[in-house]
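Naming convention: chains lettered A, B, ... in sequence-line order (proteins, then strands); numbering from 1 in each chain. No hydrogens, no waters, no symmetry mates; every other heavy atom, side chains included, goes into these values.
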Protein chains: 4
Amino acid sequence: MSDTETTTSSNALSHAVSNASFPLDAIDTATLLIKCRDQAGIVQAVSEFIHRYGGNIISLDQYSTAHEGGQYFMRLEFALVGLSEIVDNFEASFAHTVAKRHNMNWRLHDNAIKTKVGILVSKFDHALLDLLWRHQRGLLDCQITSIVSNHPDLRQAVENFGIPFHHVPVTKDNKVEAEEQIHTLMAGNDLLVLARYMQILSSDFIERWPMQVINIHHSFLPAFVGADPYRQAYEKGVKLIGATAHYVTAELDQGPIIEQDVHRVTHRQSVIELRAIGRDIERNVLARAVNWHVQNRVIVTGNKTVVFN
Amino acid sequence: MSDTETTTSSNALSHAVSNASFPLDAIDTATLLIKCRDQAGIVQAVSEFIHRYGGNIISLDQYSTAHEGGQYFMRLEFALVGLSEIVDNFEASFAHTVAKRHNMNWRLHDNAIKTKVGILVSKFDHALLDLLWRHQRGLLDCQITSIVSNHPDLRQAVENFGIPFHHVPVTKDNKVEAEEQIHTLMAGNDLLVLARYMQILSSDFIERWPMQVINIHHSFLPAFVGADPYRQAYEKGVKLIGATAHYVTAELDQGPIIEQDVHRVTHRQSVIELRAIGRDIERNVLARAVNWHVQNRVIVTGNKTVVFN
Amino acid sequence: MSDTETTTSSNALSHAVSNASFPLDAIDTATLLIKCRDQAGIVQAVSEFIHRYGGNIISLDQYSTAHEGGQYFMRLEFALVGLSEIVDNFEASFAHTVAKRHNMNWRLHDNAIKTKVGILVSKFDHALLDLLWRHQRGLLDCQITSIVSNHPDLRQAVENFGIPFHHVPVTKDNKVEAEEQIHTLMAGNDLLVLARYMQILSSDFIERWPMQVINIHHSFLPAFVGADPYRQAYEKGVKLIGATAHYVTAELDQGPIIEQDVHRVTHRQSVIELRAIGRDIERNVLARAVNWHVQNRVIVTGNKTVVFN
Amino acid sequence: MSDTETTTSSNALSHAVSNASFPLDAIDTATLLIKCRDQAGIVQAVSEFIHRYGGNIISLDQYSTAHEGGQYFMRLEFALVGLSEIVDNFEASFAHTVAKRHNMNWRLHDNAIKTKVGILVSKFDHALLDLLWRHQRGLLDCQITSIVSNHPDLRQAVENFGIPFHHVPVTKDNKVEAEEQIHTLMAGNDLLVLARYMQILSSDFIERWPMQVINIHHSFLPAFVGADPYRQAYEKGVKLIGATAHYVTAELDQGPIIEQDVHRVTHRQSVIELRAIGRDIERNVLARAVNWHVQNRVIVTGNKTVVFN
């Protein structure tokens, strides 16, 4: 309790759950992601380029796997007054100079442009509601455009947030059409989030959203792949249960892991109780993973992720 | 993802967040809490008494502080067909025999009767919404009767859950009247929960709700008592921040601690980010504390708690 | 820092790592473990029996899987003056009355008699030294009789603790003889601990020590069974690494799990660093598991454990 | 268990407990620490300077408190063939160019030169032994020169590691002389570690070792300053206990915090058990703090630390 009601507007909190410091003002800041062969002079070249444009580096993270073939990864945030006007020029110039010279795989993201996110869900609402709450409080740095579910149950809960809800029933027979319908409804999004969507997406669908679909799996992968992992955990008698947020690939529950967490349990918990405890893990792990993705903190390399947070 | 939609009705999950196994059927089960001087034969006497009534012990927890004056605490859940009919007889008989013989301070709770809970809140909605959501899912083993706030902001969010919302403004001048109004509105509840209620309740008010008010303080008590603890934590440079659920007593933030938890932070987080991270700790810690209270798992002794979970 | 050197003798700490309260005096206390079909009146019958002998129940834990066939488990510690004189009489009487009536699978352990423990190790010393150090400090409630290693490296470190060290080299050709030699050296022990013993014991050997061999596996099982789990974890890109203490059965790394724990890692850690971080997890997890076993807190049921701690 | 004995020489593990990637070869790498006013072009200027010398940046961490007066902090590791020959020239040149231009507070550390560490201890051996074990395994990136204790008890344990042990008794009357003797014995060290040294060092002594003394305090500071914090924690009834590693300043237990951690406890643990659980926290927290310090990962700012790990 406290008599001083320091109610800071949570709209400033965009990056708050990201465990990373954030730009004072999203306008006029950009994020640069780089992937290339490890070599001398990269930091110098990049920072010198930004400096020449009058930019100021806000944060810089780098990682190199020198001991295994020497891949190099960089995430750099910088502030630059009037960025939006000169961003095209900046990109063109960067492409023909620094990026070319060092043979970089790179991407520039204007922080003023919010990532568009669509969410798929079935009947369990905990992961979905947690994302919607955080978004409403300004704690998820993206734009949630619409929700699709194979069940009608969550329409009211979703519409309370003023977000469109689409019911797309899925049966053995209409699976292809249903996925086509989902693909159309979700067109224009940068990211799809499976917030406990209990249908397996076809590899055709996945291929159209490469590293653009994040799933929350309700186990500590690679343990307990597939159906009803809490029952598997119960039957194995593990002393910790967990959840894993990962990019969806053609192989079930095998995509690059973004985030994981666990919670201690004992022999006393029934499968039903494990599911309930797991819900709290799932919603937090998924929220962290989505926030890191939309903040361009995640770089995929092989079947693993580099997360700059 | 999983094609098998094992959607277990979450309405069975009453005790799920309690980290403790639970009665198969709340009807016909009761919880007995005992506090007395440590002495031989207590378990024997109590279990023999219940056995005589045809009851079956579902769970039994005990704790004794033998090394300090020897206080003894017991929590016992038992099943007894037709309990409601014979509960008065049971209590009367227990009082005159076992309880009297061992000079026990005891309480019997029929698990079919749900604890009535009222919630006070200000502007921050995270702790409140989490309680309402868990309640709606059958994850909070109580009846939430109504919400009182000193701000109008959360009316819609609360009413979406079908629970009455009362706006009771508090100013320096009307504090006494406001508290009187709150007391009247909350009459009939067994427990009041301060879900980030940013007004200090008077000791007069507290005395009328002894060990019946649970507050969530946004620090790892006893560190950072009082206002804006996240700023205090930031300025101290601690490497973990926390939250504490405790019973409210006349002395600010000094009542018996029910539950605490922490989250790792670094020098990088601003005060605003600490507040955002803290929200996730607060809502979980408060939900656990409230659930343990309404399941009669908490016994207060001196300024500490015995929590059988 | 503190000028008051409150150096409490750590020799009183026998149960300290067990997260459970402990008998004031190990002499004259006993631990009773019971396993039977769930049924009414067990607590009453057992407590009444102990009461008749003038015993006082110090702690009582029970667990029943009512929802799955109804198995019942109890761990009960009681104090009884002059126990050692009457223990045989107590056991005989208990067997013919309570145990017989409820068809119990049971065991009585006089807490004055320390469990005899032998340790097998290879070259890594972290798990071994931690056990020896805890034992020396009175933090491991057992008697460590001797150490066997397939390498000579750790002789001096072991002998510094005044414990005999035996070097038993193991090759492809002498495996049978080596195991025979180990079995002979370890005869008389109640428990064998594999503190990073890097040889797979034959099923013949295991069968002679049923549920009497505890191994520390350096992964969060069931993930990463077999060789070099830290490399497997590195290649999978998990965000948490762990360790698992389990009873050894014929099937590699599949025995009943006693305890597990994890530690957060990032993409930055190399395999070598994962191994180093893992050491801290391994030594703590193994120490907890061994302590729970020697305190008779672990009951095996099927391929799972009930741990009363 | 595993038949493949992948016993990687732990001597490569120097930085292993640091949760940070480490130089492939400590020879020919250096660490540069910078503190200055936040301003544009710092990264560019520094990286360009290193590049001109043919150095390659291995890791770069930076942090700026833009929102509070704009302080800037950088830690940079670089590899440079033949560093030792040109290091003086490098420093002189850096001082007169980059450092001068940006008015930097800076320090260059040749990673080939190990930090010299002396340890003070009383009777509790857990924190001391853990440091000595890690050091022996190559997990502490420093040179431990000698141990001083105000009690003779730990001589044998220390000398088993081949490290000199000095007994310096401290009484009310000889405190000044004792500290003088300690200061002389410890002369030449870069860091003093108080591994549960139960004497309060005078401010005169502390002033001679500014931010060069690390203490492990056995509570989650700022809670429970001073004597017997585990008893304070017990009496407060907290649900988590902790330990804090901090630099020692004139004010008792108030210096800049380097690292903290906690462990969950319940009402069941006695003070003696809290002390035992606490030992495991203390030794890990202290080891991390010392490792970060000797790896030049800690920068003090005001009464807080920036830890690049």
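Contact of D:F73 with chain B is not made at all, since no heavy-atom distance falls under 4.5 Å. Both the backbone and the side chain of D:T305 come within contact range of chain B, judged by heavy atoms closer than 4.5 Å.
Without hydrogens or angle criteria, D:Y63 side chain to B:H267 main chain gives a donor-acceptor distance under 3.5 Å.
Across D:I258, D:L221, D:V285, D:V307, a single residue satisfies side-chain contact (heavy atoms from CB on, under 4.5 Å) together with B:K239, and that is D:V307.
By the ring-ring contact (aromatic ring centres under 6.0 Å, His included) test, D:F224 is found to be paired with no residue, residues two or more places apart in sequence or in another chain being considered. Every residue meeting the side chain to side chain donor-acceptor pair (under 3.5 Å) condition with D:Q254, not counting sequence neighbours, appears here in chain and number order: B:K236.
By the 6.0 Å and 45° rule, D:K304 stacks over the aromatic ring of B:Y234.
D:I241 CD1 to B:Q260 CD: the interatomic distance, rounded to the nearest 0.5 Å, is 11.5 Å.
Salt bridge present: D:D261 and B:R264 bring a charged side-chain N and a carboxylate O closer than 4.0 Å.
With a 4.5 Å cut-off on side-chain heavy atoms, B:L240 and D:V262 count as touching. Within the 4.5 Å cutoff, side-chain heavy atoms of D:P222 are placed close to those of B:V238.
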